[in-house]
Participant: 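Before anything else, here's the structure in question.
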Amino acid sequence: MNIDLDRLAQARAQWRWRGQGRPPFALPPKPGQVSVWDFPRPPELVRDTREIVVRWGAQELARTRGAWAVRETAHPPTFYLPLADVQRALLRPAAGGSFCEWKGPARYWDLVDGANCLPQVAWTYPQPLAGAEPLGDCVAFYAHDLDCTVGGEKVLAQAGGFYGGWITPDLAGPFKGAPGSGDW
């Protein structure tokens with residue numbers, strides 16, 4: 001994998017908010033909450049042992065207590081589930097890809113069950129950058145069209161078509177992805 005280190009450094013340097021201080025518009029956390037504005041940039045990978053369940057209609061796609069939560073300033077965590085805990089037969093490679101300045105090149109996946117298909121609803125990092133190696137054997141899901149829970153709590157999907165964070169009641173925002181949040 002060839003990576004232009006200058007472009008990578010430029011992409012990493014663009015972010016104003018890096019978890020060292022909350023902006024004036026950040027919501028104060030309530031008891032039992034954490035502020036996404038306290039999450040660092042570059043993001044941190046944290047093992048999350050709460051039970052995570054992902055369902056597509058009546059079908060269970062995944063169940064794990066061994067996810068990685070990627071926590072980055074202004075974002076609700078994105079949960080990466082071990083592929084061993086996912087119904088891999090339902091995943092089909094999708095067209096396209098993207099690149100994250102922290103995690104590397106992403107590969108997208110469709111969910112397919114007979115005639116039913118959810119396009120580009122999951123992604124992996126088969127060759128993660130240094131620091132993101134644990135994600136190499138994991139998959140993340142967009143929550144928009146799925147039923148996802150973390151520790152029994154229903155997840156809300158992060159706004160925007162690109163971001164894959166999962167909003168749970170233990171988080172205080174606002175969250176990147178909403179209109180006007182592009183420079184956060």
Participant: V155 and V70: same hydrophobic cluster, using ILVMFWY side-chain contacts below 4.5 Å?
Facilitator: yes
Participant: Do W37 and F25 have ring centres separated by under 6.0 Å?
Facilitator: yes
Participant: So how far is it from W68 CH2 to T78 OG1, rounded to the nearest 0.5 Å?
Facilitator: 15.0 Å
Participant: Can you tell me if D110 has over 12 outside heavy atoms packed within less than 6.0 Å of its CG?
Facilitator: yes
Participant: Mind checking the CH2-CZ spacing from W109 to R88? Nearest 0.5 Å is all I need.
Facilitator: 7.5 Å
Participant: Answer whether the closest heavy-atom distance between the side chains of L129 and C100 falls below 4.5 Å.
Facilitator: no
Participant: Determine whether the side chains of S98 and Y108 contain a donor N or O and an acceptor N or O closer than 3.5 Å.
Facilitator: yes
Participant: Between D137 and P82, is any pair of side-chain heavy atoms under 4.5 Å apart?
Facilitator: no
Participant: Below 4.5 Å, heavy atoms only, C-beta onward: do Y163 and E72 meet side chain to side chain?
Facilitator: no
Participant: To the nearest 0.5 Å, what is the distance between CG on L91 and CG on L83?
Facilitator: 7.5 Å
Participant: Is any side-chain heavy atom of P43 closer than 4.5 Å to a side-chain heavy atom of H75?
Facilitator: no
Participant: So how far is it from I52 CD1 to T49 OG1, rounded to the nearest 0.5 Å?
Facilitator: 9.5 Å
Participant: Is the closest side-chain heavy-atom distance between Q59 and L90 below 4.5 Å?
Facilitator: yes
Participant: Tell me, do Q87 and W56 make a side-chain contact under 4.5 Å, heavy atoms counted?
Facilitator: no
Participant: Heavy atoms only: give me the nearest Q127-P105 pair and the separation to one decimal.
Facilitator: O-CD, 3.7 Å
Participant: Keeping the roles fixed (side chain from R47, backbone from G66), state whether a donor-acceptor pair exists under 3.5 Å.
Facilitator: yes
Participant: Rounded to the nearest 0.5 Å, how far apart are CD of E44 and CH2 of W102?
Facilitator: 13.0 Å
Participant: Taking the side chain as C-beta and beyond, is there a heavy-atom pair between P77 and F39 under 4.5 Å?
Facilitator: yes
Participant: For the pair R63 (side chain) and V53 (backbone), establish whether a donor and an acceptor sit closer than 3.5 Å, ignoring hydrogens and angles.
Facilitator: no
Participant: Please say which of V139, T64, V54 ends up in a side chain to side chain contact (heavy atoms under 4.5 Å, CB included) with V86.
Facilitator: V139
Participant: For residues Y125 and Y80, determine if any side-chain heavy atom of one lies less than 4.5 Å from a side-chain heavy atom of the other.
Facilitator: yes
Participant: Please confirm whether the backbone N or O of T73 pairs with a side-chain atom of R41, one donor and one acceptor, at under 3.5 Å?
Facilitator: yes
Participant: Inspect the contact between R22 and D38 and indicate whether a charged nitrogen and a carboxylate oxygen are less than 4.0 angstrom apart.
Facilitator: yes
